[in-house]
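Report on one structure; see the data block that follows.
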Amino acid sequence: MTKINSILTEISEEVSTVLKTVNHKEIDTLSEYIMKADTIFIQGNGRSGLVGKMIAMRLMHSGYKTYVVGETVTPNFSENDLLIILSGSGTGTALKNALDKVKSIGGNSALVTATDDEEKRDAFDASLHINASTKSNDIPTIQPLGNQFDQAMHLILDVLVIYLNDQTRTTNENLKKRHFNLE
């Protein structure tokens with residue numbers, strides 16, 4: 001086996017292990033908040049923000065009104081909206097400020113995170129804990145920084161979208177109709 005094959009095998013085993021630890025009730029709760037939201041806002045920094053853009057796109061294809069925080073076309077947040085924050089550490093001034101603003105408006109909030117701090121997660125209406133390595137914890141991995149968290153988060157949130165589509169009977173044909181077509 002070549003070194004690259006060895007790395008591929010180890011990473012796939014690591015991510016598989018992380019996926020097996022996900023609390024299905026947390027995914028179900030997050031899905032309920034998504035389905036009842038008027039508009040969904042997704043916020044994340046760095047690689048987590050890139051995962052957020054991928055999930056926002058797929059939610060839009062699935063028929064949800066979805067925006068990415070920080071983009072120039074993102075509108076104001078309202079009372080019946082949902083903010084989903086993607087943050088490995090579950091900390092930061094921007095995270096706290098956004099959560100405080102959502103609460104003051106009367107909207108809902110969700111956190112997707114690797115932090116094992118239940119108090120931080122409990123500050124949100126919904127939270128999804130991913131037991132994966134980030135730059136802020138000591139979970140063993142061959143991968144640098146938050147790679148494992150970002151990979152697992154992408155897969156888990158893709159599973160969530162597939163679940164939502166199943167619940168709403170949204171087909172791939174429905175998604176294709178909303179896909180960008182000026183190609």
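Worth saying up front: this structure is predicted, and the values here are computed from it rather than measured.
Pairing each heavy atom of Q148 with each of P140, the nearest pair is NE2-O, 4.5 Å. The shortest heavy-atom contact between E10 and I142 is OE2-CG2, 2.9 Å. Of all non-hydrogen atoms in G90 and T113, the two that sit nearest each other are N-OG1, 3.5 Å. Across T141 and S133, no two heavy atoms sit closer than the pair CG2-OG, 3.3 Å. In terms of heavy-atom proximity, L19 sits nearest to A152 at CD2-O, 4.1 Å. The nearest pair of heavy atoms linking S48 to D150 is OG-OD1, 2.9 Å.
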As a quick check of understanding, evaluate side chain to side chain contact (heavy atoms under 4.5 Å, CB included) for I7 and K3, giving each step before the final call. CA-CA 6 Å; I7 293 169; K3 181 65 176 174; 4.1 Å; yes

Using the side chain to side chain contact (heavy atoms under 4.5 Å, CB included) rule, take N23 and H129 through it: C-alpha gap first, then chi angles, then the decisive distance, then the call. CA-CA 7 Å; N23 181 327; H129 177 248; over 6 Å; no

For L164 and T170, run side chain to side chain contact (heavy atoms under 4.5 Å, CB included): C-alpha distance rounded to whole Å, both residues' side-chain angles, the deciding distance at 0.1 Å, then the answer. CA-CA 8 Å; L164 288 165; T170 302; over 6 Å; no

Stepwise side chain to side chain contact (heavy atoms under 4.5 Å, CB included) test for N174 and H61: CA-CA 8 Å; N174 299 128; H61 290 151; over 6 Å; no

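Follow the hydrophobic side-chain contacts under 4.5 Å out from I130 and you reach Y33 in the same cluster. In this structure, V22 is a member of the same hydrophobic cluster as I84, with clusters built from ILVMFWY side-chain heavy atoms closer than 4.5 Å. Linking ILVMFWY side-chain heavy atoms closer than 4.5 Å, directly or via other members, places M35 and L157 in a single hydrophobic cluster. Under a hydrophobic clustering in which Ile, Leu, Val, Met, Phe, Trp and Tyr are joined whenever their side-chain heavy atoms come within less than 4.5 Å, directly or via other members, L59 and M54 fall into the same cluster.
Between Y64 and T168, some side-chain heavy-atom pair lies under the 4.5 Å cut-off. K65 has its side chain out of reach of D38: every pair of non-hydrogen atoms, C-beta onward, lies at least 4.5 Å apart. Side chains of L145 and T134 form no contact here, defined as non-hydrogen atoms less than 4.5 Å apart.
Other residues sharing the hydrophobic cluster of V69, ordered by chain and number and joined by side-chain separations under 4.5 Å: F41, Y67, F77, L83, I85, L95, L99, V102, I105, L111, F124.
The line from OG of S62 to CD1 of I55 is 9.5 Å long, rounded to the nearest 0.5 Å. E14 contributes atom CD, which lies 10.5 Å from atom CD1 of I139 (distance to the nearest 0.5 angstrom). Distance check, rounded to the nearest 0.5 Å: CG of D81 to OG1 of T39 gives 4.0 Å. With rounding to the nearest 0.5 angstrom, the NE2 atom of H24 is 11.5 Å from the OH atom of Y163. Here the CG atom belonging to L30 is positioned 14.0 Å from the NZ atom belonging to K25, to the nearest 0.5 angstrom. Going from atom CE of M57 over to atom CZ of R178 covers 14.5 Å, rounded to the nearest 0.5 Å.
A donor-acceptor pair under 3.5 Å is formed between the side chain of T2 and the backbone N or O of N5. Remark: side-chain polar atoms of S16 are not paired, donor with acceptor, to backbone N or O of E13 under 3.5 angstrom. K103 places a side-chain N or O within 3.5 Å of a backbone atom of A123 that can act as its donor or acceptor partner. Of the possible donor and acceptor atoms, one in the side chain of D125 sits under 3.5 Å from a partner among the backbone N and O of S109.
Residue N45 places its CG atom among 12 or fewer non-hydrogen atoms of other residues, nucleotides or ligands, all under 6.0 Å distant. Few gaps surround CD on E71; more than 12 heavy atoms of other groups in view lie less than 6.0 Å from it.
Ionic pairing of D100 and K96 is present here: one or more N-O contacts between side-chain nitrogen and carboxylate oxygen are shorter than 4.0 angstrom.
Between L160 and the choices L128, L155, I27, the side chain to side chain contact (heavy atoms under 4.5 Å, CB included) rule is met once, by I27. Tested against E173, the residues K177, K176, R169 include a single salt bridge (charged side-chain N to carboxylate O under 4.0 Å, His left out) partner, K176.
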